[in-house]
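Right, one structure below, let's go through it.
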Amino acid sequence: MSTNIIETEVTTGALCATDLRVETDAGVEILHGISFTLQPGRILALVGESGSGKTTAGLACMGHFRQGLAKGTGTVSLGDGGARNILDLPDHQLRRLRGKTISYVPQDPALSLNPSMRIGEQIAETLRVHQIGATDSARRLRVAEVLAEVGLSNDRAYQRRYPHQLSGGQQQRVGIAMAFACRPSVIVLDEPTTGLDVTTQAVVLQTIDELAERHQVAGLYITHDLAVVAQIADEVAVMLEGDIVEHGATDQVLYSPRHAYTRRLLAAVPDLAGKRRVGLVEAITGEQPLVVPGPHGVPDTTGAISQVDDAKLLSGTGPRATPAAADPQPLMRVRDLSLSYGEHKVLDGIGFQLLEGESMMLLGESGSGKTTLSRCVAGLNDEYTGSIELFGKELATGTRARSSEDRRRIQYVFQSPFSSLNPRRTIAESVGVPLQMSGISDKRKRRALVLEALDQVKLGERFMERRPGDLSGGERQRAAIARALVNAPSLLVCDEITSALDVSVQASILDLLRTLQTDHNMSMLFVTHNIALARHISQRLAVLQMGKIVDIGTTDDVLDNPQHRYTQELLANVPTFK
Amino acid sequence: MDRSYQVITRMIAKRLLVSLIILFIVSLLVFVATLLLPGDPAQAILGQQATPERLAALREQMNLNDPVFVRYFTWLGGLFTGNLGYSAATGGPVTALLADRIQSSLVLMGLAALISIPVGIIVGTFSALKRGRAFDNATTGVSLVLASLPEFVIGIGLVALFSTSVFKILPSVTMAPPGEAVWNYPVQLVLPTITLALVVTPYIVRMMRATMLEVLDSGFVEMARLKGVPERQVVLRHAVPHALAPVAQVIAIQLAWMAGGVVVIEFLFRYPGIGQALVDAVANRDVQVVQALSILIAAAYIVVNLLADLVGIFTNPKLRTEKAA
Amino acid sequence: MSTVDDAVEQGVAVSRPPRLLARMMRQRQAKVGMVLTLAVLLVALAGPLLLPWLTGHTSTEFTGRPFTDTGMFGTDNLGRDVLSRFLDGGLRLIIYAALATALGMVVGVAVGMTAAYSRGRVDALIMRGNDVLLALPQLVFALLAITVLGPQGWVLVVVIGITHAPRIARVTRSATASVITEDYIRASEMYAVPRYKILLTEVLPNITGPLMVELGLRMTYSIGFVAALSFLGLGMQPPTADWGLMINESRIALVVQPWGVLLPVAAIAVLTVGTNLLTDSLARASANMNAGN
């Protein structure tokens, strides 16, 4: 495999990797000879989707290979003058480099911090094993210093905390403090912001940027998120299946990509402005306020949005523009929906309505109650108070209490396609369950309907007898959507259904949903934490914070003119690129 | 800080209460089971030739004329005051019969635990560290075979090997004169102790190995290595402490199992402990002795489990630092 | 087409277990275990039928003076042919162990699945009940039952089965608990699939791995358990030919007539090692399969 070796001055880099190859124990090569150079004070982003080998490459720079991988070949040399190849170093010499000259920030701090060691002690341990600081008290001073650098409190009591007493963002900052503690010359960051909400992510990214700059550290930033890349990286290397397919300055790669894969990847990234196409379908932008397309996809521009009710339900936010037209019927009306577990209010007086054929995004961070709300709507959670009306008729709380017809009308797609399909049953069996339960006992008829649903999600007959284990994540999610479609629902509730998928797969799923929605005039409740998807999927947007809807309106209105401070803050922190 | 102590105190109190309730129900179970026994206990003790007067006198002495629940509480009270009733076989008080034997059994179990716990932890840890190498394969194989074998099979194997056919170096039965303590004859203790240890150790080895493998694959161990922490320190400071809590549970189960498993081994080696007493009592349908020993063993089991829970509570920083609700 | 339709209908029939067994049998230790187990099973099953041809004796018949070398392995202290008693002494042990294991599995799996699926108070109640039963070591429980009911066959089967049950229930409960958090269970709830059907078609096929491991483990223990009770003189009663009982009767004469002890001890050892090797390879296969998913 030949790769594009980039013409950089090999001699001046803080770390220089050349022709890096890694095989599995079974002898399958998963890194095909990649090369890159890290410069002091600059950050190189290694971008790729899952399975591209980006983490393997990052860990190889530290001479570390995970269980199941054989030791790699090629050279990794540090820019400290010595011509040593990290990959050839004996263990004890490698150990002296790790954490001191080249350090690592892991993906999941919750798993990477020792749960039974105080955080101050964990940072001090790094200093001690590398003999930095003559005494314990000297080291304590350094610990306090780095904790302050990452914006954490550094008093004695804070240092004596255990990891579980910190939030996810704080844990990650401890991880960063630990990585910077020995003043390394190179730092490998492995998706350090995955799992953090956008506001925390922004703070963490800023911290990394500042520290790398201040201490002239060379950074290797591993990520799948191109928007983050735009914000933090000086250079980008795009990885595809163990090769670097494109490498260059951030602006060049992101704004004038040369390789077809980079272009595809970029095209799949949802953007807040909705200027780009994600997949085949145009984004829903301000110039194109379609809700229900007419017969031939001609948008019905009457602006059939039900602001009047929203305004009534939402005190504090003024009435928005354009009153509703009479044409599409209200499909669902949620009134004063509340749910609490003991003292903790998960949902607090939720009210909104949804028209026929309308798509609404329910936006919220983890803990906002968005999944609980969507489950109440689907009847999976029956502990709520308040009412949910479908076609003007109040629904019973739990699915078992609802009529077969009501169950058919509202369908729910789960977040993880790896969990929502029974691994022991074929796709045809799983997709056929709703039909069986709604009383279609004729096997032949069921099979025909299942096939039709699979065709709609572009899976087709050859998937009928396969099991989830033989399918990719995207294919599984399509099968799960087929199960929801097979009974021709009126409302599709999608709970974070793209968050476990790569961006290119996400794009194809969004594409599919838009097509289905317009083709079948189906309503949709799209639950997500990713505000960037808004213009690609929904006509209306509701922002949920701590169990309350704080902002609601047409997608354009909310994004262009956010009323609530929380929405404003969210929008300010979303990493974006042009 | 005192808030977290409050939480721990409350948790311990709760466990203690649960343990007591379980013990109470077990005692009820044991008592009711023996009520189902056909025949007259007094008759069983005195035999067929007993005169009606003596039978009546014994019935009075054993409270057999009282209603069932009164008898239960008398019996339960006896458990605390050390009055465990009378043996049908010897006619003597159960307490006197068992005192020495409990001591002997504790010596046997204590010795076996002293060997198997450290050996199990150390061998299991090394096995995990040498994953896939010769030492690991040998350990895994041997512990799998030992764990399969019933205790008496291991015991007889050792007897055949060390005291009869191959080497005649160790006594196969315990023959301390009555009234003398077992530890005055240490050679006689060797085989029973080794058998018991061989039965218990493989489980500890297997659990320790499995837990260590899991911990060694965890993110914080990888992180410690990537920080440049020396391997020795990675194992001792980061990995082993995390493997100990789950292994403590297994050790507790094994210690508790010993209380039952020791029965077969004592019988095999004619060791004068509670196990032998229990087998004799069952063979003679000596109800009061069976009752007393069942309760005793159940209590030992519950106490050991409680101790394991406490180890779990004290090694878990989440519980130690939890804020009082 | 109709075959496909049938497959669609019978969700359980087309599930994974065959694959699990195939993966298991690919391991060398499973093959060894299979050979060991089958060898002892063969002796135990065919032994009673072969008695008249091989030895010319029945297992309880007195052949003359003790310890003489009339048969291949001599006679025991009462003058009964050792080989005859050995050939006749395995079947009952294995049948009792199998019945006890089956009883324990049925009760334990049902209780464990019910507890995990109903959660809340029912779960707590069942599991506390379990704790009570677990507080008595299995052997002590068995001895208590034998004191009351006497050393009869059905007592052995029931008491061993019942004491296995809470242990099996624990394993089943934790396996079920991890499955029922999966979204496909929630999906079935959403489509209002009847609860028993969810347990049978969605949960059970996904916990066969751990359950089969548990089955193997409990079978190994049951064999040791039945043999141990007979060895203590509290299981099978004389003059029945039984391996455990044989060991008890002959061990005093270990030096003079080792065969009376060594034959049954070896048979029990080979059998338990065989079943445990099978169980362990099954556990590995099951773990790999889950990791592969």
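In what follows, chains carry the letters A, B, and so on, assigned in the order in which the sequence lines appear, proteins first and then strands, with residues in each chain numbered from 1.
A salt bridge (charged side-chain N to carboxylate O under 4.0 Å, His left out) check over residues 213-224 of chain C, counting only residues at least two apart or in different chains, returns the pairs C:Glu214-C:Arg218.
Of the atoms belonging to B:Ile156, it is side-chain heavy atoms, and not backbone ones, that fall under 4.5 Å from chain C. Heavy atoms of C:Ile268 lying under 4.5 Å from chain B belong exclusively to its side chain. Heavy atoms of C:Leu234 lying under 4.5 Å from chain B belong exclusively to its side chain. Of the atoms belonging to C:Leu271, not a single heavy atom falls under 4.5 Å from chain B. C:Asp131 touches chain B through backbone and side chain together, each having a heavy atom under 4.5 Å away. Both the backbone and the side chain of B:Leu268 come within contact range of chain C, judged by heavy atoms closer than 4.5 Å. For a residue to count as touching a neighbouring chain, one of its non-hydrogen atoms must lie under 4.5 Å from one of that chain's; by this rule C:Phe225 does not touch chain B.
When every heavy atom of B:Thr140 is checked against every heavy atom of C:Arg284, the shortest pair comes out as CG2-NH2, 3.7 Å.
Considering only heavy atoms from C-beta on, B:Leu144 comes within 4.5 Å of C:Gln29 through its side chain. Looking at B:Tyr301 and C:Val140, their side chains never come closer than 4.5 Å, going by heavy atoms from C-beta outward.
Enclosure of atom CH2 in C:Trp259 is not indicated, since only 12 or fewer non-hydrogen atoms of other residues, nucleotides or ligands lie within 6.0 angstrom.
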